[in-house]
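None of the values given here were measured: they were computed from a predicted structure.
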Amino acid sequence: MKLEVCHFSGYKIQPGRGRKYIRADGKVFNFMNGKCRHSYFMHRNPRDVLWTVLYRRKHKKGTLNEEQSKKRTKRTVKHAKPIQGSTLEAILQKRNMKPEVRKAQREQAIKTAREKAAAQKKSKQQLAQKAAQKQQPKQVSKQPKATKTAKQSGKRY
């Protein structure tokens, strides 16, 4: 026993009830009664007609389980995950350290980084000095060069 659904009202149509309307393009419409059929042919919007299922759904009327239908907010759960380059144990160990110890470690790391940068700068300066010594120009005798005496003719671009 198959129950059809009314195209206009949205209510179920019991077997032996209602009318079926087939449009010229082949689309089938099932109507529960004459009231629904005439309303459809008068181009009434079922969302504006008070007794239809679409109106009740649009205006949130008569939901049986209103408490259940309310959306429950999803609580976020915190997960501790390892980050690329460090394990979860290392992260937890750092988190549980005292602030004084962490500050001392940070200062030590900054100090070593500065020393390393200073050493690199010093080595670059030494390399630059060596390159400058190698590229010193050879002493050339200062004799005047012969210049052209002929004039240029034509357009100059």
Side-chain angles (χ1 to χ4, degrees), residues 1-13 23 25-32 36 39-40 43-157:
M1 185 167 84
K2 186 178 177 187
L3 297 177
E4 300 286 342
V5 177
C6 179
H7 183 76
F8 184 79
S9 67
Y11 290 117
K12 292 176 184 172
I13 303 171
R23 209 163 47 187
D25 64 354
K27 186 162 170 49
V28 178
F29 297 96
N30 294 310
F31 297 111
M32 186 173 70
C36 296
S39 295
Y40 174 77
H43 300 289
R44 285 187 180 153
N45 189 349
R47 288 167 191 82
D48 298 334
V49 180
L50 300 176
W51 49 269
T52 61
V53 172
L54 288 170
Y55 175 88
R56 296 184 69 77
R57 208 174 283 157
K58 178 183 173 185
H59 297 282
K60 298 180 177 110
K61 303 284 184 186
T63 52
L64 297 174
N65 302 331
E66 290 180 14
E67 294 172 12
Q68 290 178 358
S69 65
K70 288 182 182 177
K71 289 184 179 179
R72 294 178 183 168
T73 55
K74 191 174 185 180
R75 293 181 182 173
T76 56
V77 180
K78 292 184 180 180
H79 293 288
K81 294 182 181 179
I83 300 171
Q84 187 176 18
S86 62
T87 61
L88 183 61
E89 291 81 24
I91 294 170
L92 292 174
Q93 186 179 6
K94 280 188 177 181
R95 187 188 295 168
N96 295 333
M97 265 190 221
K98 291 186 179 178
E100 298 84 24
V101 177
R102 289 183 72 183
K103 189 174 181 183
Q105 280 185 349
R106 191 179 304 118
E107 288 173 356
Q108 181 66 28
I110 291 169
K111 186 178 178 183
T112 55
R114 283 183 183 159
E115 289 174 357
K116 188 176 179 182
Q120 284 181 347
K121 189 175 180 182
K122 191 174 184 180
S123 66
K124 280 186 180 180
Q125 286 177 350
Q126 289 175 352
L127 288 172
Q129 286 176 353
K130 287 180 183 178
Q133 287 174 358
K134 285 182 181 178
Q135 292 180 354
Q136 281 184 348
K138 296 177 183 175
Q139 291 183 353
V140 180
S141 62
K142 293 186 178 180
Q143 293 178 351
K145 290 186 177 180
T147 59
K148 286 188 176 179
T149 56
K151 286 188 171 183
Q152 287 183 349
S153 62
K155 290 185 180 179
R156 293 187 185 102
Y157 295 101

Fill in: For the student: nearest non-hydrogen atoms of F8 and R44, plus distance
CE1-O, 3.4 Å
Discussion item. Run the side-chain hydrogen bond (donor to acceptor under 3.5 Å, both in side chains) test against S9 and tell me which residues pass, sequence neighbours left out.
Written reply: none
Practice prompt. Return the set of residues passing side-chain hydrogen bond (donor to acceptor under 3.5 Å, both in side chains) with R56 (not counting sequence neighbours), or none when no residue passes.
Written response: none
With a cut-off of 3.5 Å and sequence neighbours excluded, list every side-chain donor-acceptor pair involving residues 101-111.
none

Discussion item. Do L92 and R95 have side chains that approach each other closer than 4.5 Å (heavy atoms only, starting at C-beta)?
Written reply: yes
Show me the side-chain donor-acceptor pairs of residues 25-32 shorter than 3.5 Å, one per line, residues at least two apart or across chains.
residue, atom, partner, partner atom, Å
D25, OD1, R23, NE, 3.3
D25, OD1, K27, N, 3.2
D25, OD2, R23, NH2, 3.3
N30, ND2, E4, OE1, 3.0

For residues 82-89, dump all side-chain donor-acceptor pairs below 3.5 Å to protein atoms at least two apart in sequence or in another chain.
residue, atom, partner, partner atom, Å
T87, OG1, A90, N, 3.4

Practice prompt. Taking ring-ring contact (aromatic ring centres under 6.0 Å, His included) as the test, write out the residues that go with H79, two or more places apart.
Written response: none
Worksheet item: Does V53 have any side chain to side chain contact (heavy atoms under 4.5 Å, CB included) partners at least two apart in sequence or in another chain, and if so, which?
Response: Y11, R57
Worksheet item: Mind checking what makes side chain to side chain contact (heavy atoms under 4.5 Å, CB included) contact with D48, not counting sequence neighbours?
Response: N45, K58
Fill in: Set of side chain to side chain contact (heavy atoms under 4.5 Å, CB included) partners for H43, sequence neighbours left out
none
Item to complete: Identify, with sequence neighbours excluded, every residue that meets side chain to side chain contact (heavy atoms under 4.5 Å, CB included) alongside L3.
Response: K12, Q14, P15
Practice prompt. Show your reasoning for whether side-chain contact (heavy atoms from CB on, under 4.5 Å) applies to L50 and Y55.
Written response: CA-CA 6 Å; L50 300 176; Y55 175 88; 3.2 Å; yes
